[in-house]
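Structure, as structure tokens:
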Amino acid sequence: MTQASAPGKVILFGEHAVVYGQPALAIPLSDVRTTVTIETSHAADPHSIHIIAKDIGRSYWLHESEDRDPLAFAIRLTLEAIGLEVEAPLELVIESDIPIASGLGSGAAASIAIIRSLAQHFKAPLEDRMVSELAYQVEQIHHGTPSGIDNNVIAFETPLYYVREQAPQPFSLGQSLDLVLGHSGMTSHTGEVVGALRTRLQAEPDTYNAIFEQIGSLVAQAYQALQVGELGHIGRLMNQNHALLQALGVSIEALDRLVDSARSAGALGAKLSGAGAGGFMVAVVTPNTQGEVAEALRHAGAVHVISTKVVA
Ligand code: PMV
């Protein structure tokens, strides 16, 4: 048996603007993970892989899967990258506690857990950079123009300062971050949200480019604040980033309600995280306010609340 796992992620600053060349800051969520287990199976076909994706209730053969099936695509890419034929029938089981289509990187985490488990199974170790590159190719199935932030932060599993098409810069948090994440109850399709924003940008380039630049300058300040561990400043910058995401038109009432309720319950700051139009928001809290903020989010309609600490 071979097993590998990958974390979820949260974008703390800079989503959407990162697609247009601005920097963004993301951290891994090591407490929520996708795990892939590979076992030799007794299947009839000696050259095929049986894929079992427990959380989405799917079970199918690699050779019968569609070309654009992301899980199958990740398997094919990895086998090609390590230059190996499948010599034994395998069963590949994917289990995840990262909610799907919700801004926490479930797609990239599944790809990366698949890539690592196969590399390990075939004793062909792949560097993190290669793992990230393969996962990026799978991300392109989900939406045509991913910035690459998800695959990088999940493959390197460290806080990252990220600019599109530049080497990701890992950094250390000056202080641990206590977070509470609340799910708005709606899933969101990154490709659609990014596509709709691109249409608005084309209609009013000056307006939207100015917002992207403002987000970029918040990211520069947040990068310093995260490294020094100035929690109050981080919170205020998150609030400002949320306002700019509202101005981009990617928030929705349910997310705004959760963000407001987290702030009222004592969070240092809160914003939507990821593509928006559904999915999760994230609040920075202190150990003293974490319970109250989680309770306030449930009360305000969050369908899933995650309390976690990202250790410095
Ligand atoms: O919702 P997610 O986790 O797919 O994050 C999307 C982040 C965006 O900046 C909106 C898109 C991207 O490719 O960076």
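Each ligand, and each atom within it, is numbered from 1 in the order the structure gives. Below, all heavy atoms of this structure are taken into account, side chains as well, without hydrogens, waters or symmetry copies.
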Quick one: which ligand 1 atoms are inside 4.0 Å of a heavy atom on [X]?
{"X": "His16", "answer": "8 (C), 9 (O), 10 (C)"}
{"X": "Ser147", "answer": "12 (C), 13 (O), 14 (O)"}
{"X": "Val18", "answer": "9 (O), 14 (O)"}
{"X": "Lys9", "answer": "2 (P), 3 (O), 5 (O)"}
{"X": "Pro146", "answer": "13 (O)"}

For [X] and [Y], which I'm curious about, is there any donor-acceptor pair between the side chains at under 3.5 Å?
{"X": "Ser96", "Y": "Thr34", "result": "yes"}
{"X": "Arg33", "Y": "Ser5", "result": "yes"}
{"X": "His50", "Y": "Ser41", "result": "no"}
{"X": "Glu157", "Y": "Ser30", "result": "yes"}

Exercise for the section: For the pair His304 and Phe280, name the ring-plane relationship: parallel under 30°, tilted 30 to 60°, perpendicular over 60°. Expected result: perpendicular
Completion exercise
shortest atom 11 (C) of ligand 1-to-protein heavy-atom contact is with Val19 CG2, 3.7 Å
Handout entry: Protein heavy atom at shortest distance from atom 7 (C) of ligand 1
Key = Ile11 CD1, 3.6 Å
Fill in the blank from the handout: At under 4.0 Å between heavy atoms, what of Val193 touches ligand 1? The answer is neither
Do any nitrogen or oxygen atoms of [X] come within less than 3.5 Å of a nitrogen or oxygen of ligand 1?
{"X": "Thr190", "value": "yes"}
{"X": "Glu15", "value": "no"}
{"X": "Ala275", "value": "yes"}

Exercise for the section: Tell me, with the steps shown, if Phe171 and Tyr161 meet ring pair (Phe, Tyr, Trp, His ring centres under 6.0 Å). Expected result: CA-CA 7 Å; Phe171 70 94; Tyr161 173 88; 7.8 Å; no
Handout entry: Test: Arg76 and Asp69 ion pair at under 4.0 Å
Key = no
Practice task
Using a strict cut-off of less than 4.0 Å between a Lys/Arg side-chain nitrogen and an Asp/Glu carboxylate oxygen, indicate whether Lys271 and Glu15 qualify as a salt bridge.
Solution key: yes
